[in-house]
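Numbered from 1 within each chain, the chains take letters A, B, ... in sequence-line order.
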There are 2 protein chains.
Amino acid sequence: MHTVAARAGVSIASASRVLNGLGGSAETVRRVREAAAAVGYVPNAIARSLQSQRTGLIALAVEDIGNPVYVAMMRAIEAVVAESGHQLLVHATGGNVAGETALLRRLAHRYVDGMIISPIRVTEAHVAALTASPVPVVVVGQLPEDVPVDNVRADSRTGVALAVDHLVAAGRTRIGFVNGPLDTVPGAARDAGFRAAMARHGLAVEPAMVEVGDFQYAAGRAAAQRLLARAEPDAIVCANDLIAVGALHALLVTGRRVPEDVALVGMDDTELAQMSFPQISSVSLGSAERGKLAARLLLDRIADGTLVPRREHVAPSLVVRTSSGGVQ
Amino acid sequence: MHTVAARAGVSIASASRVLNGLGGSAETVRRVREAAAAVGYVPNAIARSLQSQRTGLIALAVEDIGNPVYVAMMRAIEAVVAESGHQLLVHATGGNVAGETALLRRLAHRYVDGMIISPIRVTEAHVAALTASPVPVVVVGQLPEDVPVDNVRADSRTGVALAVDHLVAAGRTRIGFVNGPLDTVPGAARDAGFRAAMARHGLAVEPAMVEVGDFQYAAGRAAAQRLLARAEPDAIVCANDLIAVGALHALLVTGRRVPEDVALVGMDDTELAQMSFPQISSVSLGSAERGKLAARLLLDRIADGTLVPRREHVAPSLVVRTSSGGVQ
DNA sequence: TTGTATGCGTTATCAT
DNA sequence: ATGATAACGCATACAA
């Protein structure tokens with residue numbers, strides 16, 4: 001900038017104004033533009049940030065970037081965020097509490113203008129870090145009622161019910177369930193949802209028909225194998241699509257036909273569900289929609305920090321595919 | 001900082017020194033620490049960056065964050081980069097030249113300390129932006145010989161050969177090929193590799209046995225369907241795993257058995273290949289290894305910009321699974 | 001050891 | 001319209 005101003009024979013103030021499109025005489029504008037082009041001037045993002053108190057960065061923190069559900073969410077967020085001139089900084093937290101709270105605390109350094117975080121567990125430490133954060137944060141997922149933070153949530157309880165209802169309507173009664181860890185927010189909600197839905201249909205939940213692993217493919221496959229070794233379900237509900245793909249493998253490798261022998265329903269409605277064969281029915285929890293909403297909430301709050309905390313809900317819906325008897 | 005210094009009754013220089021662990025008398029250290037804790041002082045990342053001329057950020061630019069091969073690469077990069085105290089900023093370029101070169105030019109703003117980019121096409125504009133970049137860049141993928149930029153590359157030509165050799169050894173002779181766009185670097189290399197390998201075995205490449213789509217699932221599926229509508233291969237090589245999963249779908253939906261009727265080999269050896277049923281044999285192009293190497297090259301260059309440009313190669317290897325007759 | 005003063009690259013304020 | 005100058009928050013030469 002200094003160089004540009006000197007070369008154009010004006011003050012650095014004038015140069016700055018011209019380069020930012022604010023006023024200037026025709027002659028000044030011309031000379032500054034010319035000088036800038038000549039020396040290949042490019043504004044320094046850091047210095048600009050120091051002055052503007054904004055970095056133009058928005059962080060997204062999710063457990064596992066390999067899970068397609070987060071890819072879908074990320075794409076939706078990226079679209080909104082890019083439109084506002086921000087860039088997305090992605091953190092993979094691995095789902096551990098220490099890492100997530102450390103991340104939240106680091107927000108105090110103001111290296112980003114805001115953060116969207118989807119914690120899989122919510123602890124006291126989370127809440128403390130969340131409320132103490134000097135930069136706006138939006139939480140995707142459940143959150144205690146009294147935490148004054150913008151929040152968008154799915155309804156996975158109802159989502160599981162959708163799956164169970166669908167299977168019961170199709171005549172299935174021996175319905176198994178492969179879940180993720182019960183000490184996670186989604187794990188607990190999906191467990192409760194499954195039991196409530198089964199009870200509503202007057203179906204008993206046999207312990208042998210329920211397995212818990214991780215929200216991952218390998219764990220889902222192993223959990224399904226354990227379940228199939230001791231029970232004969234005519235349908236299996238899985239707590240997400242990664243688990244469902246693992247369960248599909250366990251079913252097919254043991255010679256079971258899907259959906260003829262065992263119907264299968266996953267959750268999150270990711271690309272994986274469509275890419276499997278047979279294609280897997282899945283409960284959409286509106287991941288893209290949640291991402292879009294979260295991004296909007298965040299941008300709104302960045303623009304006006306005095307807003308009252310908002311809470312958005314996204315309704316689940318069932319996408320029926322081959323694995324539960326839908327068309328190919 | 002100003003506040004901390006005032007509260008501790010010292011100059012901001014002393015406060016800064018103490019907080020950075022440089023000297024100070026026991027008494028000064030104590031008072032500054034106390035004051036900092038009392039006001040909850042946290043250093044401002046931007047101001048620190050302006051001073052240090054480093055942002056602590058490293059960018060990764062890939063075409064499609066939904067492709068598991070990039071997820072694997074990203075994980076490897078993240079591990080190396082985190083260890084050095086940097087954070088990863090992920091860009092999805094969508095593979096368009098304008099976006100990629102714009103990204104490279106934006107490096108001049110110095111919003112990151114370095115970038116790892118994996119362009120799917122390499123144009124004049126890329127080369128120009130690459131060589132003009134004031135911040136270190138490492139290219140993952142092919143690059144003209146004379147471009148003085150750190151570079152790590154796979155050998156997908158040999159990779160395809162590995163697949164063809166394997167299939168021929170298993171007695172397959174009518175080998176089809178589903179590729180990505182020929183005007184991309186990997187697309188062109190894999191096409192050449194396929195033809196060379198087939199020629200080496202004295203096998204003709206019938207035009208009807210070759211299809212081109214996109215490096216995506218849906219396009220791969222459609223391309224495979226077109227191929228299968230007009231030819232009867234006893235094996236198919238796919239230019240990546242997304243295509244392979246699409247081809248698997250096309251095969252199964254038309255009643256073909258894999259591998260009995262048609263053997264299938266993918267490329268990139270991503271999680272997808274393991275998650276399919278049957279599991280898909282795949283040529284590993286060492287994506288994690290390439291990511292790790294790229295990160296190391298970048299960190300080295302950030303530490304010392306005068307290094308002579310390096311070029312690393314990662315050898316391909318074939319992972320045999322069920323889809324080509326391997327064990328379950 | 002400590003404080004003063006300056007610089008990092010911009011933008012904004014305030015005279016002129 | 002323009003220029004001098006003060007922030008922005010921190011780190012560091014240099015002097016004391």
Side-chain angles (χ1 to χ4, degrees), chain A residues 1-57 85 106-113 134-135 302 305, chain B residues 1-57 85 106-113 134-135 302 305:
Chain A
M1 181 70 108
H2 190 81
T3 313
V4 171
R7 185 172 181 120
V10 300
S11 72
I12 76 169
S14 290
S16 174
R17 274 189 294 258
V18 169
L19 264 17
N20 286 317
L22 315 170
S25 70
E27 173 63 7
T28 304
V29 169
R30 192 189 60 72
R31 280 161 53 190
V32 169
R33 289 247 168 83
E34 190 174 294
V39 305
Y41 170 80
V42 171
N44 181 300
I46 303 171
R48 179 172 286 188
S49 287
L50 184 60
Q51 166 69 29
S52 66
Q53 302 289 34
R54 317 181 332 101
T55 63
L57 254 37
R106 248 197 291 167
L107 285 175
H109 296 200
R110 302 180 168 283
Y111 70 106
V112 290
D113 295 340
V135 331
I302 288 174
Chain B
M1 180 71 106
H2 190 81
T3 312
V4 171
R7 183 169 182 126
V10 300
S11 72
I12 73 168
S14 291
S16 173
R17 277 188 292 256
V18 169
L19 265 15
N20 286 319
L22 313 172
S25 70
E27 173 63 7
T28 304
V29 169
R30 192 188 61 72
R31 279 160 58 191
V32 170
R33 290 248 166 83
E34 191 174 293
V39 304
Y41 171 79
V42 171
N44 181 301
I46 303 171
R48 180 172 287 192
S49 287
L50 183 59
Q51 165 70 27
S52 65
Q53 300 289 38
R54 322 182 327 103
T55 62
L57 255 37
R106 247 196 293 165
L107 284 175
H109 296 199
R110 300 178 170 282
Y111 69 106
V112 290
D113 295 339
V135 331
I302 288 174

TODO: Heavy atoms under 4.0 Å is the rule here; annotate nucleotides 6-16 of chain C 5' to 3' with B where the base is hit, S where only the sugar-phosphate is, and - elsewhere.
DONE: -BBBBBBB---
- [ ] Measure across B:A36 and B:L19 and return the closest heavy-atom pair with its distance rounded to 0.1 Å.
- [x] CB-CD1, 4.2 Å
Open item on the list: Going by side chain to side chain contact (heavy atoms under 4.5 Å, CB included), name the residues that satisfy it together with A:L50, two or more places apart in sequence or in a different chain.
Closed with: B:I46, B:A47, B:L50
TODO: Side-chain contact test, heavy atoms from C-beta onward, threshold under 4.5 Å: evaluate it for A:L57 versus B:L57 and give yes or no.
DONE: yes
Task: Residue pairs passing the side chain to side chain donor-acceptor pair (under 3.5 Å) test where at least one lies in residues 25-39 of chain B, sequence neighbours excluded - done: B:S25-B:T28, B:E27-B:R30, B:R30-B:E34
- [ ] Not counting sequence neighbours, list each pair that qualifies as a side chain to side chain donor-acceptor pair (under 3.5 Å) and has a residue in residues 36-50 of chain B.
- [x] none
Open item on the list: Checking B:T55 against B:R110 for the side chain to side chain contact (heavy atoms under 4.5 Å, CB included) test, could you report, in this order, the C-alpha distance in whole Å, the side-chain angles of both residues, the deciding distance, and whether it holds?
Closed with: CA-CA 8 Å; B:T55 62; B:R110 300 178 170 282; 6.0 Å; no
Open item on the list: So for the helix from C:dT1-D:dA16 to C:dT16-D:dA1, with five pairs setting each end axis, what is the inter-axis angle to 10°?
Closed with: 50°
Task: Sequence-distant partners of B:A38, side chain to side chain contact (heavy atoms under 4.5 Å, CB included), two or more places apart - done: B:R7
- [ ] Starting from the C-alpha separation in whole Å, work towards a yes-or-no answer on side chain to side chain contact (heavy atoms under 4.5 Å, CB included) for A:L107 and A:V112.
- [x] CA-CA 7 Å; A:L107 285 175; A:V112 290; 3.5 Å; yes
Task: Positional range of nucleotides in DNA chain D within the contact set of chain B, heavy-atom, under 4.0 Å - done: D:dG9 to D:dA13
Open item on the list: Can you list everything that forms a side chain to side chain contact (heavy atoms under 4.5 Å, CB included) with B:V42? Sequence neighbours excluded, please.
Closed with: A:A108, A:H109
- [ ] Not counting sequence neighbours, which residues clear side chain to side chain donor-acceptor pair (under 3.5 Å) with A:S52? List them please.
- [x] none
Task: B:S14 vs C:dG3: side-chain N/O to OP1/OP2 distance below 4.0 Å - done: yes
- [ ] Please identify each residue that fulfils side chain to side chain contact (heavy atoms under 4.5 Å, CB included) with B:T3, with sequence neighbours left out.
- [x] B:V39
Task: Sub-4.0 Å heavy-atom contacts from residues 24-37 of chain B onto DNA chain C, ordered by number - done: B:G24, B:S25, B:T28
